[in-house]
Amino acid sequence: MKNIEICQHIENWYLKNKRELPWRSNPQPYEVWLAEIVFQQTRISQGMGHYLQLLERFPNVEILSKATEDDVLKCWEGLGYYTRARNLRKGAIYIAQLGDFPKTYDDWLAVPGVGPYTAGVISSVCFRQKVPVVDGNVMRVLSRMFLISSDIRIVKTQQIFRNIASDLVQSAIHPGNFNQGMMELGALICKPKNPDCAACPLSEFCELYITGENPGDFPYKSSAKEKTNRYFHFFFASNANGLLLKRREASDIWNGLYVLPFYEGEKLPFDAPEYLMEKSTHILTHQKIHYYIWDVVNWDAVPQNLIDDCEIFSRDVDFPAMPRPLQLFIKKYLHIK
DNA sequence: AACCCGGGGCC
DNA sequence: GGCCCAGGGTT
């Protein structure tokens with residue numbers, strides 16, 4: 001049967017060609033869970049330093065469950081999508097409360113921050129459950145193998161791929177190796193551009209390869225919404241006592257992180273700042289942030305409500321987690337770390 | 001179902 | 001400087 005052959009090809013290819021990663025040699029739930037949260041929307045090279053630091057700082061789920069949110073965010077600083085860090089901690093508290101790691105797909109789904117993808121990876125890799133795993137890599141591989149043109153920006157499209165992957169994984173020897181193999185194939189061979197079909201273990205089953213269709217057409221993805229522009233004027237307040245920072249609490253970007261006191265708006269409605277230390281843009285998925293960092297001379301002219309709720313952080317200890325642009329600015333001007 | 005959340009690499 | 005990537009939670 002064809003599915004059995006596909007699984008054999010993928011599993012054998014994976015065992016020969018997989019990248020050696022810390023959590024892969026002897027996959028345990030804590031390490032795999034942590035890795036999957038860190039590497040959502042994040043390349044291995046980009047997140048490896050953070051993963052290793054998190055594991056060193058929080059070597060097991062009990063220790064992580066007792067960490068403060070600020071501590072976890074500090075380890076996450078610069079990685080982006082900070083909701084993952086807050087949910088990681090919530091997940092640890094949830095698991096510690098259970099007393100043991102969940103062992104099934106359904107039970108993992110109940111863990112904060114764990115959705116179908118992460119639950120699928122952990123339950124198939126650590127507990128050999130025959131459940132499908134569908135991420136962007138898998139959708140790319142399957143859309144090409146079966147010439148599926150559904151728009152992957154539509155969430156419902158994932159169900160089409162989940163059904164196919166679920167059918168395939170039933171024929172696997174080790175479902176975890178099959179699932180990881182499909183993702184690894186997408187990352188290393190069946191790349192978005194210039195896929196290496198000559199090296200692909202599935203080319204004989206691939207309709208795109210057989211028909212000579214253009215890899216660039218699969219998967220299909222509708223164009224994104226235009227980014228909205230936002231303007232932030234930050235005020236740099238640093239003296240011998242320390243640095244003035246404010247924790248963001250709104251349901252908005254950088255929630256839970258600390259920022260310099262700021263005014264949001266294209267033009268400042270007052271003229272206190274004396275000179276501009278930095279002016280740049282920072283691109284997020286849905287927003288283009290235009291930011292200005294001012295060295296304020298006349299603080300009397302700065303509206304008090306912009307300073308309310310600020311805290312002073314001594315320069316002698318680590319600052320709390322800040323968004324990337326401010327983290328880099330602070331490093332540049334205070335010569336820390 | 002639509003929308004929101006970061007940051008780095010590549011061209 | 002613009003484009004690409006893409007899981008989970010919230011609304």
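Worth knowing before you read on, the calculation uses all heavy atoms, side chains too, and leaves out hydrogens, waters and symmetry mates. Proteins come first, then strands; the chains are lettered A, B, ... in the order of their sequence lines, and each starts at number 1.
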May I have the distance from [X] (atom [atom1]) to [N] (atom [atom2]), rounded to whole angstrom?
| X | N | atom1 | atom2 | value |
| --- | --- | --- | --- | --- |
| A:K90 | C:dT10 | NZ | C1' | 11 Å |
| A:R162 | C:dG7 | CZ | C1' | 10 Å |
| A:L284 | C:dC3 | CG | P | 16 Å |
| A:I253 | C:dG9 | CD1 | C1' | 17 Å |
| A:I283 | C:dC5 | CD1 | P | 17 Å |
| A:L88 | C:dG9 | CG | C1' | 15 Å |
| A:N87 | B:dG6 | CG | C1' | 15 Å |
| A:H286 | C:dC3 | NE2 | P | 15 Å |

Can you tell me how far CG of A:L202 sits from OH of A:Y209, rounded to the nearest 0.5 angstrom?
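The distance works out to 12.5 Å.
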Side chain of [X], heavy atoms from C-beta onward: which of [options] has the nearest atom to it?
| X | options | result |
| --- | --- | --- |
| A:Q158 | C:dA6, C:dG7, B:dC5 | C:dG7 |
| A:R140 | C:dG8, C:dA6, B:dG8 | C:dA6 |
| A:P325 | C:dG8, C:dG9, B:dG7 | B:dG7 |
| A:P192 | C:dC5, C:dG8, B:dC5 | C:dC5 |

With a sphere of 6.0 Å drawn around CG of A:N194, does it hold more than 12 non-hydrogen atoms of other residues, nucleotides or ligands?
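Open.
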Please classify the nucleic acid contact of [X] as base, sugar-phosphate, or nothing, using heavy-atom distances under 4.0 Å.
| X | value |
| --- | --- |
| A:I152 | nothing |
| A:E36 | nothing |
| A:Q41 | base |
| A:K193 | nothing |
| A:Y117 | sugar-phosphate |
| A:T83 | nothing |
| A:T42 | base |

Would you please indicate if the ring centroids of [X] and [Y] are separated by under 6.0 Å?
| X | Y | value |
| --- | --- | --- |
| A:W23 | A:Y51 | yes |
| A:F262 | A:F232 | yes |
| A:F236 | A:F329 | yes |

Would you say a side-chain N or O of [X] is under 4.0 Å from OP1 or OP2 of [N]?
| X | N | value |
| --- | --- | --- |
| A:Y82 | B:dG7 | yes |
| A:T118 | C:dG8 | yes |
| A:W254 | B:dG7 | yes |
| A:K221 | C:dC4 | no |
| A:R84 | C:dG7 | no |
| A:H282 | B:dG7 | yes |

Between A:K156 and A:P323, name the one whose nearest nucleotide on DNA chain B is closer to the 5' end.
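It is A:K156, whose closest nucleotide lies nearer the 5' terminus.
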First encountered from the 5' end of DNA chain B, between A:Q40 and A:S45:
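Upstream on the strand: A:Q40.
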Separation of the [atom1] atoms in [N] and [M], to the nearest angstrom:
| N | M | atom1 | answer |
| --- | --- | --- | --- |
| C:dT11 | B:dG6 | P | 15 Å |
| C:dG7 | B:dC10 | C1' | 23 Å |
| C:dT10 | B:dG7 | C1' | 22 Å |

Check: A:W13 and A:I189 side chains under 4.5 Å, non-hydrogen atoms
yes
Flag the pair A:D71 and A:R89 as a salt bridge only when some basic side-chain nitrogen lies within less than 4.0 angstrom of an acidic carboxylate oxygen.
no
Taking for each residue the nucleotide of DNA chain C with the nearest heavy atom, is it A:G113 or A:R43 whose nucleotide lies nearer the 5' end?
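The answer here is A:R43.
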